[in-house]
Structures are given as structure tokens and as C-alpha cells.
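In what follows, a single structure is set out as C-alpha cells and then discussed.
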Amino acid sequence: MAYWLVKSEPDECGIEDFELQQDKASPWAGVRNYQARNFLRQMAVGDRVLIYHSSCRNIGIAGVVRVAREAYTDPSQFDPDSPYHDPKSDPEAPRWQAVDLVYERTLSSLIPLAHLKAEPGLSELPLVRKGSRLSVMPVTDHQWDVIQRMAG
DNA sequence: GCCAACGTTGGC
DNA sequence: GCCAACGTTGGC
């Protein structure tokens, strides 16, 4: 089993939205960055995914979800009404994939970005590197352990 | 709202 | 293939 972290704007889809769905999986769609997409493709059912809340009042890691379905064609790329529409994507060779994620737990208290940045064991995590915009990233076993410890 | 840093686009 | 211009991300 592998570990991952994804960024989300809680206004769009935060841990609370997964919690409301409980055992019902939700699509993680709209990724439009090649590096992030390549990581999505590597996700396997059962992998754990940290949900990071960005561009909001309380920035940081908020909870954990689980991969419920491996990568499949993201339908929003072909939907002209979707904000994620990609007119250059060829239906014969779709550019973008989505996965399905299902709720696992909400942290008792959010781990703020400042704490993540201050933790030496996380210095290699792309999330805390200056200017990093990667929205889907792998988390090593060690980084995972560090974060679990911080979560209490 | 500001703005630095980034990824992508497109002219050459 | 280079690189300037552009649009976006995301913390503050």
C-alpha cells in the first residue's frame, strides 16, 4: 500500500464533503497537470490519501481518505460546460484521468502548514517546498509516520 | 487583494 | 529548441 497527498480547496471538496458521503466514493477529477496526473495513474485501490486544505482560512492536512477505484478517464475533459473542459484532449487517447476516493477519517485537529514546514522529517515533501504547485504527490512511509505522529 | 513562483503556450 | 508572455496557483 502506498501513501499520497492531494490538495483541495475545502469550498470545492474538502474532508467534510467526504465525511458526508461516508462509504460512498467520490470522483477526484479535474487534475490538469501532467506530473500530478502521472501520480494519479499510480494510485492503487486501498492506498491512503491525505487531504490538504488550501486557499482557505485554515490551511493544512485535514483528514485521510482511501482510493476506491483506480484511474479511469476523467469525463469532465470532454464536457464543454465543465470548468475542466479540455478541447485539445482526443477521445481516442484521453489526456486526463480521475480516481475515486472514499472517506476514512477526519483529524481531531488540522495540522497547519506552518507545523508541516517546521518538521525536519517533511523537508522533502513537495508540499512544503517553496513555490511548489504540485497538487497530487507521493508520501513516503517515513513521512506518513511523521504526519501520523503529528496528528496525535 | 497582492504578488511570487510556476507550468504552458506559441512565435520564431 | 528557445524563451517571452501569459494564465494559474496559493500563501500571506
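A, B, ... follow the sequence lines: proteins, then strands. Residue 1 opens every chain. Bear in mind the structure is a predicted one, so any value in this text is a computation, not a measurement. No hydrogens, no waters, no symmetry mates; every other heavy atom, side chains included, goes into these values.
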Exercise for the section: Answer with yes or no whether the hydrophobic clustering places A:Leu113 together with A:Ile51; edges join I, L, V, M, F, W, Y residues whose side-chain heavy atoms lie under 4.5 Å apart. Expected result: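 Yes; tracing contacts between hydrophobic side chains, which count when under 4.5 Å, links both residues.
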
Whole angstrom value for the distance that separates [atom2] of [N] from [atom1] of [X]:
X	N	atom1	atom2	value
A:Arg37	B:dT8	CZ	C1'	14 Å
A:Arg95	B:dG7	CZ	C1'	13 Å
A:Lys88	C:dG7	NZ	P	13 Å

What are the atom names and distances for every N/O pair under 3.5 Å that joins the protein to nucleotides 9-11 of chain C?
residue : atom : partner  : partner atom : Å
C:dT9   : O4'  : A:Arg133 : NH2          : 3.4
C:dG10  : OP1  : A:Lys7   : NZ           : 2.7
C:dG10  : OP1  : A:Arg133 : O            : 3.2
C:dG11  : OP1  : A:Tyr52  : OH           : 2.5
C:dG11  : OP2  : A:Ser55  : N            : 3.1

Exercise for the section: Identify the two heavy atoms, one from A:Tyr52 and one from A:Leu5, that lie closest to each other, and give their separation to 0.1 Å. Expected result: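 Smallest heavy-atom distance, with atoms named: CB-CD2, 3.9 Å.
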
Exercise for the section: Give a yes-or-no answer on whether the side chains of A:Gln77 and A:Ser89 include a donor-acceptor pair shorter than 3.5 Å. Expected result: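 A donor-acceptor contact under 3.5 Å links the two side chains.
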
Exercise for the section: Would you kindly say whether A:Arg32 and A:Ser76 are connected by a side-chain donor-acceptor distance under 3.5 Å? Expected result: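 A pair is found: one side chain offers a donor N or O, the other an acceptor, under 3.5 Å apart.
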
Problem - Those residues that, when tested against A:Asp86, pass salt bridge (charged side-chain N to carboxylate O under 4.0 Å, His left out) (two or more places apart) - result: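 Checked A:Asp86 against salt bridge (charged side-chain N to carboxylate O under 4.0 Å, His left out); matches are A:Arg95.
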
Practice task
Verify whether the ring centers belonging to A:Tyr34 and A:Trp96 lie closer than 6.0 Å.
Solution key: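 When the ring centroids of A:Tyr34 and A:Trp96 are compared, they turn out to be within the sub-6.0 Å range.
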
Practice task
Evaluate the side-chain proximity of A:Tyr103 to A:Asp17: yes if any heavy-atom separation is below 4.5 Å, no if none is.
Solution key: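 A:Asp17 does not reach A:Tyr103 side chain to side chain.
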
Problem - Heavy-atom check, side chain of A:Glu119 versus side chain of A:Leu125, under 4.5 Å - result: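 No, their side chains stay 4.5 Å or more apart.
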
Using nucleotides 2-6 of chain C, report all nitrogen or oxygen pairs with the protein that are shorter than 3.5 Å.
none

